[in-house]
Number of protein chains: 2
Amino acid sequence: MPTPPPRTTTPPEPVVPHADGFAARRAATSQQILQAAAQVMADRGYAGTSLDAVAELAGVAKGSIYNNFGSKERLFEALIAHTMDRFSATLAAAPDGRTGAAALEAVVSALLVEVRDNPAGTQLLAAELFRMGRTWQESLEPVRERIVSVFREVIAQANPAADVSVVGPAVFGATLIAGLEWRTFQPERTLPDITGVVMGSVRSVLEPAG
Amino acid sequence: MPTPPPRTTTPPEPVVPHADGFAARRAATSQQILQAAAQVMADRGYAGTSLDAVAELAGVAKGSIYNNFGSKERLFEALIAHTMDRFSATLAAAPDGRTGAAALEAVVSALLVEVRDNPAGTQLLAAELFRMGRTWQESLEPVRERIVSVFREVIAQANPAADVSVVGPAVFGATLIAGLEWRTFQPERTLPDITGVVMGSVRSVLEPAG
DNA sequence: GTCTATATTTGGATAGAC
DNA sequence: GTCTATCCAAATATAGAC
């Protein structure tokens, strides 16, 4: 490949996303970088993502990534933390006082909403979550644990006899995979529709035994 | 890192795995490379795996990888194909004439057996399966489809009213995630035990409606 | 057809201008 | 604090001996 032509993206333009006054303009580039990183890493995974690609998509120089995050690994950790804040907050708050089947349905629906509305974050999580090598185990295991624990707890509350250490992950997996399939192959279907089908598939976890 | 000491692995030894006569010695190094690639890629993923690491683990020179597979991408494709042969053959053959709940239980159990006995292949598949970028979509989408279709078909046979396009992936996801959790955190539990818990979680897919 | 170099490219990280 | 330019390690791929 020859020398790439000096990119024509308006260079000095200050890029004010939504001029809302004064303070909230500070970490504008950080947000752009995070968003771009989420997109690229969702496609190619952590190792497969080059910071050149992130910088190009974010519309910033590669040096800015280092000024804002220090290293590729710390960028990834910041991205995971950012994604997790949204995930865990949404899932943990979903029951909102409900109990039993209603609580489980709320959690299932909340996860499906994330799959639909935050596809980059969801796919990054799904793809990296299964890497069990000691490399990421430290930074990703707590993430998996926090998500699964929401399912475990709501199921345990609804059915104290349930074997939540296996059933919790099972319901989580059913929701996640069904959600990915929904978003990819049947996006025209509605959230209540898919929620109902998933709940219908796993509703026996709330019943005594088989 | 200084010059690595000239590796002490017995260099010229012909490495005859199981001297069984004549013909079946041909692709010995290919098998070693595939097995090593499965192990390393399960930990680090495709992009995170260096051919140096594969060559070292396989006990062959890096040049041999190129003689046998041509490129890193073609090695990965061969590995996926190899893993898929085992997966799809096992899952598709699992029902073995059974119908209804017994057929579904056989498929669930067969997937759990793979998770237990073929951890490298399972994790590679799980980790790479969720990458939706057009990069791997072409080579991995058929893989996902073949696996999910086994679940869809056995459920459709057992319960014609089931919404298999969503329920199939849901049961697959429940089994896969529960199996990974089993293998990682509770390996002391037995296969029939886990199979029973998973089946108990999703048994309602075989019933009329909720 | 497997090994030991070596070539070439990619990509993480840094230095210094502005 | 963002950019351009550069360094350097790592990794894909190739050449050629044996």
Side-chain angles (χ1 to χ4, degrees), chain A residues 1-17 23-34 36-37 40-41 43-79 135, chain B residues 1-17 25-34 36-37 40-41 43-79 135:
Chain A
M1 197 182 296
T3 316
R7 192 157 31 83
T8 49
T9 16
T10 63
E13 200 168 349
V15 191
V16 179
R25 178 263 315 273
R26 183 191 40 186
T29 64
S30 285
Q31 285 305 115
Q32 288 177 330
I33 292 170
L34 273 179
V40 181
M41 287 190 182
D43 265 22
R44 308 214 253 274
Y46 170 80
T49 295
S50 71
L51 295 187
D52 294 82
V54 174
E56 183 178 352
L57 183 62
V60 302
K62 192 162 58 165
S64 298
I65 298 180
Y66 285 89
N67 270 325
N68 282 273
F69 296 97
S71 73
K72 183 183 180 183
E73 180 162 349
R74 290 185 51 189
L75 168 61
F76 177 74
E77 285 166 3
L79 176 59
T135 318
Chain B
M1 195 185 294
T3 316
R7 190 157 34 81
T8 49
T9 17
T10 64
E13 201 168 344
V15 190
V16 179
R25 178 262 315 274
R26 183 190 38 184
T29 64
S30 285
Q31 285 305 116
Q32 288 177 329
I33 293 169
L34 273 180
V40 181
M41 286 190 181
D43 264 23
R44 307 213 250 274
Y46 170 80
T49 295
S50 73
L51 296 187
D52 294 81
V54 173
E56 183 177 352
L57 183 61
V60 303
K62 193 162 54 167
S64 297
I65 297 179
Y66 284 89
N67 269 325
N68 282 273
F69 295 97
S71 73
K72 182 184 180 180
E73 180 163 350
R74 290 186 51 189
L75 168 61
F76 177 74
E77 286 167 1
L79 177 58
T135 318

Looking at residues at least two apart in the chain, or sitting in another chain, which of them share a salt bridge (Lys or Arg N to Asp or Glu O under 4.0 Å) with A/Lys62? A/Asp52
Establish, with yes or no, whether the OP1 or OP2 oxygen of C/dC3 is under 4.0 angstrom from a side-chain nitrogen or oxygen of B/Ser64. yes
Minimal non-hydrogen separation, B/Ala61 against B/Ala55, with atom names: C-CB, 4.1 Å
Heavy-atom closest contact (A/Tyr46 atom, A/Met41 atom, distance): CD1-CE, 4.0 Å
B/Ala47: which residues meet the side chain to side chain contact (heavy atoms under 4.5 Å, CB included) condition with it, sequence neighbours left out? A/Ala47
Could you state the CD1-P distance from A/Ile65 to D/dT4, rounded to the nearest angstrom? 13 Å
Whole-Å distance separating the CD atom of A/Glu56 from the P atom of C/dT10: 14 Å
Starting at CD1 of B/Ile33 and ending at P of D/dT12, how long is that distance when rounded to a whole Å? 14 Å
Shorter than 3.5 Å, N or O on both sides, protein versus nucleotides 11-14 of chain C: list them out with atom names.
unit_1: C/dG12; atom_1: OP1; unit_2: A/Thr49; atom_2: O; d: 3.1
unit_1: C/dG12; atom_1: OP1; unit_2: A/Lys72; atom_2: NZ; d: 3.0
unit_1: C/dG12; atom_1: OP2; unit_2: A/Leu51; atom_2: N; d: 2.7
unit_1: C/dG12; atom_1: N7; unit_2: A/Lys62; atom_2: NZ; d: 3.1
unit_1: C/dA13; atom_1: OP2; unit_2: A/Tyr66; atom_2: OH; d: 3.2
unit_1: C/dA13; atom_1: OP2; unit_2: A/Lys72; atom_2: N; d: 3.0
unit_1: C/dA13; atom_1: N6; unit_2: A/Lys62; atom_2: NZ; d: 3.2

Take the protein atom CZ of B/Arg44 and the nucleotide atom P of D/dA10, then report the distance between them rounded to whole Å. 13 Å
Closest heavy-atom contact between B/Phe69 and B/Ala78? CE2-CB, 3.8 Å
Could you state the CG-C1' distance from B/Leu75 to D/dA13, rounded to the nearest angstrom? 14 Å
Can you find a heavy atom in the side chain of B/Val60 that is under 4.5 Å from one in the side chain of B/Val54? no
